[in-house]
Protein chains: 2
Amino acid sequence: MTTHTMREFSARELHKPLFPTVIGQPIPFYPSGTEIYSQGEKAGNLFQVQFGCVRVYRLMADGRRQISAFHMSGDVFGFEAEATHQFFAEAIGGTGVRKILLTPEIAASPMFLPLALQTMSRAQQHLLVLGRQNAAERVAAFLVDMAERQGGLDHLDLPMPRGDIGDYLGLTIETVSRIFTKFRQMGFIQLEGSREVEILNRQSLQGMSE
Amino acid sequence: MTTHTMREFSARELHKPLFPTVIGQPIPFYPSGTEIYSQGEKAGNLFQVQFGCVRVYRLMADGRRQISAFHMSGDVFGFEAEATHQFFAEAIGGTGVRKILLTPEIAASPMFLPLALQTMSRAQQHLLVLGRQNAAERVAAFLVDMAERQGGLDHLDLPMPRGDIGDYLGLTIETVSRIFTKFRQMGFIQLEGSREVEILNRQSLQGMSE
DNA sequence: CGGGAGATTGAGCCCCGTCAAAAACAGTGG
DNA sequence: CCACTGTTTTTGACGGGGCTCAATCTCCCG
(Lines give C-alpha, C1' and ligand atoms only; values in the text may rest on other atoms or scores of the structure.)
Protein backbone atom coordinates (compact mmCIF):
# COMPACT_ATOMS: atom_id res chain seq x y z
CA MET A 1 0.00 0.00 0.00
CA THR A 2 1.37 3.38 -0.98
CA THR A 3 1.50 6.04 1.69
CA HIS A 4 -0.62 9.15 1.41
CA THR A 5 -0.63 12.46 3.16
CA MET A 6 -3.82 13.24 5.01
CA ARG A 7 -4.80 16.82 4.48
CA GLU A 8 -7.70 19.14 5.04
CA PHE A 9 -9.67 20.40 2.07
CA SER A 10 -10.94 23.90 1.56
CA ALA A 11 -14.66 24.43 1.44
CA ARG A 12 -14.52 25.44 -2.22
CA GLU A 13 -13.20 22.08 -3.26
CA LEU A 14 -16.13 20.26 -1.76
CA HIS A 15 -19.57 19.50 -2.99
CA LYS A 16 -22.47 21.27 -1.44
CA PRO A 17 -23.80 18.92 1.23
CA LEU A 18 -27.27 17.47 0.64
CA PHE A 19 -27.59 16.47 4.26
CA PRO A 20 -25.92 17.69 7.42
CA THR A 21 -22.58 16.08 8.03
CA VAL A 22 -21.62 14.37 11.24
CA ILE A 23 -20.62 17.32 13.41
CA GLY A 24 -16.97 17.84 14.10
CA GLN A 25 -15.79 15.20 11.63
CA PRO A 26 -13.31 16.29 8.99
CA ILE A 27 -14.19 14.93 5.54
CA PRO A 28 -12.54 11.52 5.56
CA PHE A 29 -9.94 11.00 2.89
CA TYR A 30 -9.61 7.46 1.56
CA PRO A 31 -6.29 6.66 -0.10
CA SER A 32 -6.37 4.61 -3.31
CA GLY A 33 -7.78 1.13 -2.83
CA THR A 34 -8.93 1.54 0.74
CA GLU A 35 -12.19 0.11 1.99
CA ILE A 36 -15.15 2.36 2.77
CA TYR A 37 -17.39 -0.44 3.91
CA SER A 38 -17.43 -4.16 3.38
CA GLN A 39 -19.89 -6.98 2.94
CA GLY A 40 -21.47 -8.12 6.19
CA GLU A 41 -20.71 -4.86 7.95
CA LYS A 42 -23.62 -3.15 9.65
CA ALA A 43 -25.32 -0.73 7.26
CA GLY A 44 -27.10 2.46 8.23
CA ASN A 45 -25.01 5.24 6.82
CA LEU A 46 -25.06 6.95 3.51
CA PHE A 47 -21.99 8.35 1.82
CA GLN A 48 -21.47 11.21 -0.54
CA VAL A 49 -18.45 11.39 -2.80
CA GLN A 50 -16.74 14.79 -2.56
CA PHE A 51 -14.00 14.14 -5.08
CA GLY A 52 -12.42 11.06 -6.60
CA CYS A 53 -14.31 7.88 -7.37
CA VAL A 54 -15.72 4.84 -5.57
CA ARG A 55 -16.37 1.29 -6.80
CA VAL A 56 -19.13 -0.79 -5.26
CA TYR A 57 -18.86 -4.51 -5.93
CA ARG A 58 -19.62 -8.08 -5.02
CA LEU A 59 -17.29 -11.04 -4.95
CA MET A 60 -17.93 -14.68 -5.71
CA ALA A 61 -16.24 -17.42 -3.72
CA ASP A 62 -13.72 -18.03 -6.51
CA GLY A 63 -12.77 -14.37 -6.79
CA ARG A 64 -14.92 -13.29 -9.72
CA ARG A 65 -15.98 -9.71 -9.16
CA GLN A 66 -18.93 -7.68 -10.38
CA ILE A 67 -18.79 -3.95 -9.91
CA SER A 68 -22.38 -2.78 -9.66
CA ALA A 69 -21.64 0.93 -9.81
CA PHE A 70 -19.03 3.65 -9.91
CA HIS A 71 -19.80 6.71 -7.84
CA MET A 72 -18.35 10.08 -8.74
CA SER A 73 -18.26 13.50 -7.18
CA GLY A 74 -21.67 14.41 -5.81
CA ASP A 75 -23.14 10.88 -5.90
CA VAL A 76 -24.76 9.44 -2.81
CA PHE A 77 -24.36 5.72 -2.20
CA GLY A 78 -24.72 3.11 0.53
CA PHE A 79 -28.43 2.32 0.17
CA GLU A 80 -29.18 -1.19 1.40
CA ALA A 81 -32.33 -3.25 1.66
CA GLU A 82 -30.84 -5.29 4.50
CA ALA A 83 -29.41 -4.36 7.87
CA THR A 84 -25.92 -5.31 6.71
CA HIS A 85 -24.00 -4.28 3.62
CA GLN A 86 -24.26 -6.71 0.72
CA PHE A 87 -21.41 -5.06 -1.12
CA PHE A 88 -17.91 -3.77 -0.75
CA ALA A 89 -17.14 -0.11 -1.37
CA GLU A 90 -13.60 1.05 -2.09
CA ALA A 91 -11.90 4.26 -3.08
CA ILE A 92 -10.40 4.38 -6.57
CA GLY A 93 -7.51 6.76 -6.32
CA GLY A 94 -7.54 9.21 -3.43
CA THR A 95 -11.17 9.96 -2.64
CA GLY A 96 -13.05 12.23 -0.26
CA VAL A 97 -16.24 10.74 1.12
CA ARG A 98 -18.65 12.50 3.43
CA LYS A 99 -20.51 10.22 5.79
CA ILE A 100 -24.21 10.90 6.41
CA LEU A 101 -25.78 9.38 9.49
CA LEU A 102 -29.00 7.76 8.34
CA THR A 103 -31.48 9.13 10.84
CA PRO A 104 -35.27 8.77 10.49
CA GLU A 105 -35.43 12.46 9.57
CA ILE A 106 -33.04 12.00 6.68
CA ALA A 107 -34.87 8.88 5.50
CA ALA A 108 -38.05 10.96 5.42
CA SER A 109 -36.40 13.89 3.66
CA PRO A 110 -37.62 14.65 0.15
CA MET A 111 -34.08 14.18 -1.21
CA PHE A 112 -33.80 10.65 0.07
CA LEU A 113 -36.22 8.58 -2.00
CA PRO A 114 -35.21 10.02 -5.39
CA LEU A 115 -31.58 9.20 -4.64
CA ALA A 116 -32.45 5.62 -3.70
CA LEU A 117 -34.55 5.30 -6.84
CA GLN A 118 -31.71 6.64 -8.94
CA THR A 119 -29.47 3.85 -7.67
CA MET A 120 -32.21 1.37 -8.56
CA SER A 121 -32.68 2.89 -11.99
CA ARG A 122 -28.98 2.78 -12.80
CA ALA A 123 -28.80 -0.87 -11.80
CA GLN A 124 -31.79 -1.70 -13.98
CA GLN A 125 -30.33 0.14 -16.94
CA HIS A 126 -27.12 -1.77 -16.44
CA LEU A 127 -29.00 -5.08 -16.56
CA LEU A 128 -29.76 -4.43 -20.22
CA VAL A 129 -26.11 -3.78 -20.94
CA LEU A 130 -24.92 -6.94 -19.21
CA GLY A 131 -27.72 -9.16 -20.43
CA ARG A 132 -28.07 -8.18 -24.05
CA GLN A 133 -25.18 -6.11 -25.39
CA ASN A 134 -21.94 -7.30 -26.94
CA ALA A 135 -18.50 -6.10 -25.93
CA ALA A 136 -18.34 -3.08 -28.23
CA GLU A 137 -21.83 -1.94 -27.25
CA ARG A 138 -20.95 -2.25 -23.58
CA VAL A 139 -17.81 -0.17 -23.86
CA ALA A 140 -19.64 2.42 -25.98
CA ALA A 141 -22.41 2.65 -23.38
CA PHE A 142 -19.81 3.04 -20.67
CA LEU A 143 -18.01 5.88 -22.44
CA VAL A 144 -21.25 7.70 -23.22
CA ASP A 145 -22.42 7.32 -19.64
CA MET A 146 -19.13 8.55 -18.22
CA ALA A 147 -19.12 11.51 -20.58
CA GLU A 148 -22.65 12.47 -19.54
CA ARG A 149 -21.78 12.22 -15.88
CA GLN A 150 -18.80 14.50 -16.44
CA GLY A 151 -20.91 17.27 -17.88
CA GLY A 152 -21.38 16.07 -21.42
CA LEU A 153 -17.99 17.25 -22.61
CA ASP A 154 -16.00 15.44 -25.26
CA HIS A 155 -13.04 15.07 -22.98
CA LEU A 156 -13.30 12.62 -20.14
CA ASP A 157 -11.20 11.17 -17.38
CA LEU A 158 -11.40 7.54 -16.46
CA PRO A 159 -10.47 7.37 -12.79
CA MET A 160 -10.52 3.57 -12.80
CA PRO A 161 -8.11 1.02 -14.32
CA ARG A 162 -9.11 -1.28 -17.19
CA GLY A 163 -9.72 -4.15 -14.79
CA ASP A 164 -12.42 -2.18 -13.03
CA ILE A 165 -14.06 -1.31 -16.32
CA GLY A 166 -14.04 -4.99 -17.22
CA ASP A 167 -15.55 -6.03 -13.93
CA TYR A 168 -18.22 -3.37 -14.37
CA LEU A 169 -19.08 -4.40 -17.92
CA GLY A 170 -18.82 -8.16 -17.42
CA LEU A 171 -15.78 -8.37 -19.71
CA THR A 172 -12.13 -9.23 -19.30
CA ILE A 173 -9.45 -6.61 -19.11
CA GLU A 174 -8.10 -7.81 -22.46
CA THR A 175 -11.43 -7.43 -24.21
CA VAL A 176 -11.87 -3.91 -22.85
CA SER A 177 -8.42 -2.99 -24.08
CA ARG A 178 -9.09 -4.45 -27.52
CA ILE A 179 -12.33 -2.50 -27.88
CA PHE A 180 -10.59 0.73 -26.89
CA THR A 181 -8.00 0.05 -29.57
CA LYS A 182 -10.71 -0.73 -32.10
CA PHE A 183 -12.58 2.49 -31.31
CA ARG A 184 -9.33 4.41 -31.68
CA GLN A 185 -8.64 2.80 -35.05
CA MET A 186 -12.18 3.57 -36.20
CA GLY A 187 -11.69 7.21 -35.23
CA PHE A 188 -14.36 7.23 -32.52
CA ILE A 189 -12.01 8.17 -29.72
CA GLN A 190 -8.51 9.36 -29.05
CA LEU A 191 -6.46 8.20 -26.06
CA GLU A 192 -4.06 10.41 -24.13
CA GLY A 193 -2.46 7.92 -21.83
CA SER A 194 -4.77 5.18 -20.65
CA ARG A 195 -6.92 7.32 -18.38
CA GLU A 196 -7.91 10.19 -20.65
CA VAL A 197 -10.30 9.85 -23.55
CA GLU A 198 -11.24 12.34 -26.21
CA ILE A 199 -14.54 11.55 -27.87
CA LEU A 200 -14.25 12.29 -31.59
CA ASN A 201 -17.49 10.75 -32.82
CA ARG A 202 -20.16 10.75 -30.19
CA GLN A 203 -22.88 9.90 -32.71
CA SER A 204 -21.37 6.53 -33.49
CA LEU A 205 -20.80 5.63 -29.86
CA GLN A 206 -24.28 6.67 -28.91
CA GLY A 207 -25.88 4.82 -31.78
CA MET A 208 -23.94 1.71 -30.93
CA SER A 209 -25.11 1.66 -27.33
CA GLU A 210 -28.85 2.02 -27.95
CA MET B 1 -54.71 -12.69 -28.75
CA THR B 2 -56.76 -15.39 -27.09
CA THR B 3 -60.07 -14.38 -25.54
CA HIS B 4 -60.51 -14.58 -21.80
CA THR B 5 -63.46 -14.40 -19.52
CA MET B 6 -63.37 -11.49 -17.13
CA ARG B 7 -64.53 -12.57 -13.73
CA GLU B 8 -64.62 -11.35 -10.19
CA PHE B 9 -62.40 -13.02 -7.63
CA SER B 10 -63.41 -13.94 -4.12
CA ALA B 11 -61.64 -12.17 -1.30
CA ARG B 12 -59.98 -15.41 -0.18
CA GLU B 13 -58.10 -15.73 -3.43
CA LEU B 14 -56.48 -12.37 -3.03
CA HIS B 15 -53.43 -11.21 -1.20
CA LYS B 16 -53.89 -9.06 1.82
CA PRO B 17 -53.54 -5.46 0.62
CA LEU B 18 -50.49 -3.55 1.82
CA PHE B 19 -52.05 -0.26 0.85
CA PRO B 20 -55.64 0.81 0.33
CA THR B 21 -56.91 0.00 -3.11
CA VAL B 22 -58.52 2.51 -5.42
CA ILE B 23 -62.08 2.62 -4.13
CA GLY B 24 -64.77 0.96 -6.18
CA GLN B 25 -62.34 -0.70 -8.59
CA PRO B 26 -62.61 -4.46 -9.00
CA ILE B 27 -59.18 -6.11 -9.04
CA PRO B 28 -58.17 -5.87 -12.70
CA PHE B 29 -57.57 -9.17 -14.42
CA TYR B 30 -54.94 -9.15 -17.15
CA PRO B 31 -55.21 -11.97 -19.68
CA SER B 32 -52.00 -13.65 -20.81
CA GLY B 33 -49.62 -11.29 -22.58
CA THR B 34 -51.51 -8.08 -21.97
CA GLU B 35 -49.77 -4.83 -21.12
CA ILE B 36 -49.96 -3.39 -17.62
CA TYR B 37 -47.92 -0.32 -18.43
CA SER B 38 -45.52 0.59 -21.17
CA GLN B 39 -42.35 2.59 -21.68
CA GLY B 40 -42.98 6.31 -21.92
CA GLU B 41 -46.30 6.11 -20.14
CA LYS B 42 -46.76 8.42 -17.18
CA ALA B 43 -45.67 6.70 -13.98
CA GLY B 44 -47.09 7.33 -10.54
CA ASN B 45 -48.85 4.13 -9.59
CA LEU B 46 -47.65 1.05 -7.86
CA PHE B 47 -48.98 -2.40 -8.58
CA GLN B 48 -49.32 -5.48 -6.44
CA VAL B 49 -49.60 -8.91 -7.97
CA GLN B 50 -52.54 -10.84 -6.52
CA PHE B 51 -52.05 -14.06 -8.49
CA GLY B 52 -50.22 -15.03 -11.63
CA CYS B 53 -46.95 -13.46 -12.75
CA VAL B 54 -45.67 -10.26 -14.37
CA ARG B 55 -42.58 -9.61 -16.49
CA VAL B 56 -40.94 -6.19 -16.48
CA TYR B 57 -38.61 -5.57 -19.40
CA ARG B 58 -36.82 -3.22 -21.74
CA LEU B 59 -36.47 -3.42 -25.49
CA MET B 60 -33.63 -2.38 -27.74
CA ALA B 61 -34.31 -0.87 -31.15
CA ASP B 62 -33.54 -4.17 -32.89
CA GLY B 63 -35.88 -6.16 -30.68
CA ARG B 64 -33.46 -7.56 -28.13
CA ARG B 65 -35.23 -7.79 -24.82
CA GLN B 66 -33.97 -7.79 -21.25
CA ILE B 67 -36.42 -8.82 -18.56
CA SER B 68 -35.29 -7.06 -15.40
CA ALA B 69 -37.64 -8.87 -13.03
CA PHE B 70 -40.46 -11.31 -12.63
CA HIS B 71 -43.08 -10.38 -10.06
CA MET B 72 -45.14 -13.04 -8.33
CA SER B 73 -48.08 -13.08 -5.97
CA GLY B 74 -47.62 -10.46 -3.27
CA ASP B 75 -44.84 -8.52 -5.00
CA VAL B 76 -45.14 -4.77 -5.42
CA PHE B 77 -43.70 -3.25 -8.58
CA GLY B 78 -43.80 -0.08 -10.65
CA PHE B 79 -41.16 1.98 -8.82
CA GLU B 80 -39.61 4.54 -11.14
CA ALA B 81 -36.96 7.21 -10.72
CA GLU B 82 -38.44 9.25 -13.57
CA ALA B 83 -41.88 10.68 -14.19
CA THR B 84 -42.48 8.20 -17.00
CA HIS B 85 -42.09 4.44 -17.08
CA GLN B 86 -38.75 3.22 -18.40
CA PHE B 87 -40.01 -0.33 -18.77
CA PHE B 88 -42.83 -2.44 -20.07
CA ALA B 89 -44.87 -4.59 -17.71
CA GLU B 90 -46.94 -7.48 -19.01
CA ALA B 91 -48.99 -10.28 -17.55
CA ILE B 92 -47.62 -13.79 -18.00
CA GLY B 93 -50.66 -16.02 -18.08
CA GLY B 94 -53.83 -14.66 -16.53
CA THR B 95 -52.80 -12.32 -13.75
CA GLY B 96 -54.56 -10.26 -11.12
CA VAL B 97 -52.91 -6.94 -10.36
CA ARG B 98 -54.06 -4.47 -7.76
CA LYS B 99 -53.33 -0.84 -8.57
CA ILE B 100 -52.12 1.41 -5.76
CA LEU B 101 -52.44 5.15 -6.26
CA LEU B 102 -49.09 6.63 -5.30
CA THR B 103 -50.13 9.42 -2.97
CA PRO B 104 -47.67 11.37 -0.80
CA GLU B 105 -49.00 9.49 2.23
CA ILE B 106 -48.19 6.13 0.69
CA ALA B 107 -44.74 7.32 -0.37
CA ALA B 108 -44.13 8.29 3.24
CA SER B 109 -45.52 5.03 4.62
CA PRO B 110 -43.03 2.78 6.43
CA MET B 111 -43.80 -0.03 3.95
CA PHE B 112 -42.81 1.98 0.95
CA LEU B 113 -39.07 2.47 1.17
CA PRO B 114 -38.24 -1.17 2.03
CA LEU B 115 -40.19 -2.31 -1.01
CA ALA B 116 -38.36 0.12 -3.28
CA LEU B 117 -35.06 -0.99 -1.79
CA GLN B 118 -35.97 -4.62 -2.36
CA THR B 119 -36.44 -3.92 -6.05
CA MET B 120 -33.05 -2.23 -6.08
CA SER B 121 -31.42 -5.09 -4.21
CA ARG B 122 -32.85 -7.72 -6.57
CA ALA B 123 -31.57 -5.79 -9.58
CA GLN B 124 -28.10 -5.51 -8.03
CA GLN B 125 -28.01 -9.20 -7.21
CA HIS B 126 -28.99 -9.94 -10.78
CA LEU B 127 -26.08 -7.84 -12.07
CA LEU B 128 -23.68 -10.41 -10.66
CA VAL B 129 -25.55 -13.21 -12.42
CA LEU B 130 -25.55 -11.45 -15.78
CA GLY B 131 -22.05 -10.07 -15.52
CA ARG B 132 -20.08 -12.95 -14.14
CA GLN B 133 -21.89 -16.28 -14.25
CA ASN B 134 -21.96 -18.83 -17.05
CA ALA B 135 -25.12 -20.37 -18.48
CA ALA B 136 -25.38 -23.27 -16.01
CA GLU B 137 -24.80 -20.99 -13.04
CA ARG B 138 -27.45 -18.57 -14.27
CA VAL B 139 -30.09 -21.25 -14.65
CA ALA B 140 -29.18 -22.75 -11.27
CA ALA B 141 -29.48 -19.33 -9.63
CA PHE B 142 -32.82 -18.84 -11.31
CA LEU B 143 -34.21 -22.17 -10.10
CA VAL B 144 -32.99 -21.62 -6.55
CA ASP B 145 -34.45 -18.11 -6.51
CA MET B 146 -37.80 -19.27 -7.86
CA ALA B 147 -37.92 -22.10 -5.33
CA GLU B 148 -37.22 -19.69 -2.47
CA ARG B 149 -39.90 -17.32 -3.65
CA GLN B 150 -42.39 -20.16 -3.75
CA GLY B 151 -41.88 -21.08 -0.13
CA GLY B 152 -38.67 -23.08 -0.32
CA LEU B 153 -40.36 -26.26 -1.45
CA ASP B 154 -38.74 -28.75 -3.79
CA HIS B 155 -41.58 -28.52 -6.23
CA LEU B 156 -41.90 -25.37 -8.28
CA ASP B 157 -44.02 -23.94 -11.04
CA LEU B 158 -42.49 -21.86 -13.79
CA PRO B 159 -45.24 -19.51 -14.93
CA MET B 160 -43.12 -18.20 -17.81
CA PRO B 161 -42.01 -19.79 -21.08
CA ARG B 162 -38.38 -20.61 -21.86
CA GLY B 163 -38.02 -17.47 -23.94
CA ASP B 164 -38.78 -15.31 -20.92
CA ILE B 165 -36.28 -17.21 -18.81
CA GLY B 166 -33.71 -16.64 -21.52
CA ASP B 167 -34.43 -12.93 -21.72
CA TYR B 168 -34.18 -12.71 -17.95
CA LEU B 169 -30.88 -14.59 -17.76
CA GLY B 170 -29.27 -13.03 -20.84
CA LEU B 171 -29.30 -16.36 -22.68
CA THR B 172 -31.07 -17.75 -25.71
CA ILE B 173 -34.06 -20.02 -25.46
CA GLU B 174 -31.96 -22.89 -26.84
CA THR B 175 -29.26 -22.51 -24.22
CA VAL B 176 -31.82 -22.45 -21.42
CA SER B 177 -33.37 -25.61 -22.78
CA ARG B 178 -30.01 -27.33 -23.06
CA ILE B 179 -29.13 -26.52 -19.46
CA PHE B 180 -32.47 -27.85 -18.25
CA THR B 181 -31.75 -31.08 -20.08
CA LYS B 182 -28.25 -31.22 -18.65
CA PHE B 183 -29.54 -30.71 -15.10
CA ARG B 184 -32.09 -33.45 -15.66
CA GLN B 185 -29.42 -35.83 -16.92
CA MET B 186 -27.24 -35.02 -13.93
CA GLY B 187 -30.11 -35.82 -11.60
CA PHE B 188 -30.43 -32.31 -10.20
CA ILE B 189 -34.01 -31.80 -11.35
CA GLN B 190 -36.96 -33.65 -12.77
CA LEU B 191 -39.32 -32.11 -15.30
CA GLU B 192 -43.05 -32.72 -15.41
CA GLY B 193 -44.03 -31.01 -18.60
CA SER B 194 -42.03 -27.88 -19.33
CA ARG B 195 -43.53 -25.71 -16.60
CA GLU B 196 -43.12 -27.87 -13.51
CA VAL B 197 -39.79 -28.64 -11.90
CA GLU B 198 -38.98 -31.02 -9.08
CA ILE B 199 -35.71 -30.17 -7.38
CA LEU B 200 -33.88 -33.41 -6.55
CA ASN B 201 -30.52 -32.02 -5.50
CA ARG B 202 -30.78 -28.54 -4.11
CA GLN B 203 -27.25 -28.65 -2.71
CA SER B 204 -25.70 -28.90 -6.13
CA LEU B 205 -27.83 -26.16 -7.62
CA GLN B 206 -27.16 -23.86 -4.71
CA GLY B 207 -23.45 -24.53 -4.74
CA MET B 208 -23.32 -23.87 -8.47
CA SER B 209 -24.97 -20.47 -8.17
CA GLU B 210 -22.78 -19.01 -5.41
C1' DC C 1 -56.77 -36.89 -35.18
C1' DG C 2 -54.81 -32.61 -36.86
C1' DG C 3 -52.87 -28.01 -36.17
C1' DG C 4 -49.97 -24.82 -33.87
C1' DA C 5 -47.19 -22.97 -30.34
C1' DG C 6 -43.57 -24.01 -27.44
C1' DA C 7 -39.59 -26.88 -26.33
C1' DT C 8 -35.79 -29.81 -27.47
C1' DT C 9 -31.91 -31.36 -30.10
C1' DG C 10 -28.21 -31.05 -33.59
C1' DA C 11 -24.46 -28.90 -36.55
C1' DG C 12 -21.52 -25.20 -37.31
C1' DC C 13 -19.53 -20.89 -36.29
C1' DC C 14 -17.98 -16.75 -33.96
C1' DC C 15 -17.19 -13.73 -30.16
C1' DC C 16 -14.86 -13.39 -26.28
C1' DG C 17 -12.18 -15.73 -22.53
C1' DT C 18 -7.65 -17.79 -21.48
C1' DC C 19 -2.88 -17.96 -21.57
C1' DA C 20 1.32 -15.76 -22.72
C1' DA C 21 4.45 -12.19 -24.04
C1' DA C 22 5.65 -7.58 -25.13
C1' DA C 23 5.10 -2.74 -24.46
C1' DA C 24 4.02 1.40 -21.96
C1' DC C 25 3.96 3.66 -17.74
C1' DA C 26 4.82 5.14 -12.87
C1' DG C 27 7.50 5.34 -8.97
C1' DT C 28 12.02 5.05 -6.49
C1' DG C 29 16.53 5.67 -5.55
C1' DG C 30 21.12 6.60 -7.03
C1' DC D 1 18.62 12.54 -15.46
C1' DC D 2 18.71 7.75 -15.87
C1' DA D 3 18.61 2.91 -14.51
C1' DC D 4 15.80 -0.33 -12.21
C1' DT D 5 11.44 -2.45 -10.74
C1' DG D 6 6.82 -3.46 -10.53
C1' DT D 7 2.30 -2.46 -12.36
C1' DT D 8 -0.89 -1.60 -15.97
C1' DT D 9 -2.02 -1.92 -20.66
C1' DT D 10 -1.70 -3.72 -25.13
C1' DT D 11 -1.25 -7.27 -28.49
C1' DG D 12 -1.21 -12.05 -30.25
C1' DA D 13 -2.57 -17.04 -30.71
C1' DC D 14 -5.79 -20.30 -29.60
C1' DG D 15 -9.85 -22.78 -27.79
C1' DG D 16 -14.45 -23.15 -26.04
C1' DG D 17 -19.06 -21.64 -24.50
C1' DG D 18 -22.95 -19.99 -26.15
C1' DC D 19 -25.38 -18.10 -30.42
C1' DT D 20 -27.46 -19.00 -35.02
C1' DC D 21 -29.92 -21.64 -38.09
C1' DA D 22 -32.65 -25.54 -38.83
C1' DA D 23 -35.14 -29.72 -37.98
C1' DT D 24 -37.69 -32.55 -34.86
C1' DC D 25 -40.39 -33.45 -30.94
C1' DT D 26 -43.92 -32.60 -27.26
C1' DC D 27 -47.83 -30.86 -25.49
C1' DC D 28 -52.21 -28.78 -25.65
C1' DC D 29 -56.80 -27.83 -27.54
C1' DG D 30 -60.10 -28.03 -30.78
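Note on naming: letters A, B, ... go to the chains in the order of the sequence lines (proteins, then strands), and numbering restarts at 1 for each one. Because the structure is predicted, anything quoted here is derived from the model rather than measured.
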Five-pair end axes of the helix from dC1(C)-dG30(D) to dG30(C)-dC1(D) and the angle they enclose, rounded to 10°: 40°
Any pair counted as ring pair (Phe, Tyr, Trp, His ring centres under 6.0 Å), so long as it reaches residues 181-210 of chain A, sequence neighbours left out: F183(A)-F188(A)
Non-neighbouring partners of R64(A) that pass salt bridge (charged side-chain N to carboxylate O under 4.0 Å, His left out), sequence neighbours left out: D62(A), E137(B)
Selection residues 189-210 of chain A - residue pairs positive for ring pair (Phe, Tyr, Trp, His ring centres under 6.0 Å), sequence neighbours left out: none
For R162(A), salt bridge (charged side-chain N to carboxylate O under 4.0 Å, His left out) partners two or more places apart: none
Listed partners of R149(A) passing salt bridge (charged side-chain N to carboxylate O under 4.0 Å, His left out), at least two apart: D75(A), D145(A)
By salt bridge (charged side-chain N to carboxylate O under 4.0 Å, His left out) - contacts of D157(B) (at least two apart): none
T84(B): partners by side chain to side chain donor-acceptor pair (under 3.5 Å), with sequence neighbours left out: Q86(B)
Kindly list each side-chain donor-acceptor pair under 3.5 angstrom involving residues 114-127 of chain A, sequence neighbours excluded, with atom names and distances?
{"from": "T119(A)", "atom 1": "OG1", "to": "L115(A)", "atom 2": "O", "distance (Å)": "3.3"}
{"from": "Q125(A)", "atom 1": "OE1", "to": "R58(B)", "atom 2": "NH1", "distance (Å)": "2.3"}
{"from": "H126(A)", "atom 1": "NE2", "to": "Y168(A)", "atom 2": "O", "distance (Å)": "2.8"}

Heavy-atom contact window of chain A on DNA chain D, given 5' to 3' at under 4.0 Å: dT9(D) to dA13(D)
What protein N or O atoms touch nucleotides 7-9 of chain C N or O atoms at under 3.5 angstrom, if any, and at what distances?
{"from": "dA7(C)", "atom 1": "OP1", "to": "R162(B)", "atom 2": "N", "distance (Å)": "3.4"}
{"from": "dA7(C)", "atom 1": "OP2", "to": "R162(B)", "atom 2": "N", "distance (Å)": "3.1"}
{"from": "dT8(C)", "atom 1": "OP1", "to": "R162(B)", "atom 2": "NH2", "distance (Å)": "3.3"}
{"from": "dT8(C)", "atom 1": "OP2", "to": "R162(B)", "atom 2": "NE", "distance (Å)": "2.8"}
{"from": "dT8(C)", "atom 1": "OP2", "to": "S177(B)", "atom 2": "OG", "distance (Å)": "2.8"}
{"from": "dT8(C)", "atom 1": "O5'", "to": "S177(B)", "atom 2": "OG", "distance (Å)": "2.9"}
{"from": "dT9(C)", "atom 1": "OP2", "to": "T181(B)", "atom 2": "OG1", "distance (Å)": "2.4"}

Interface with DNA chain D, restricted to residues 125-146 of chain B and to heavy atoms under 4.0 Å: N134(B), A135(B)
Aromatic centroids of F79(A) and F112(A) separated by under 6.0 Å: yes
Aromatic ring pairing F77(B)/Y37(B), orientation class (parallel under 30°, perpendicular over 60°, tilted between): tilted
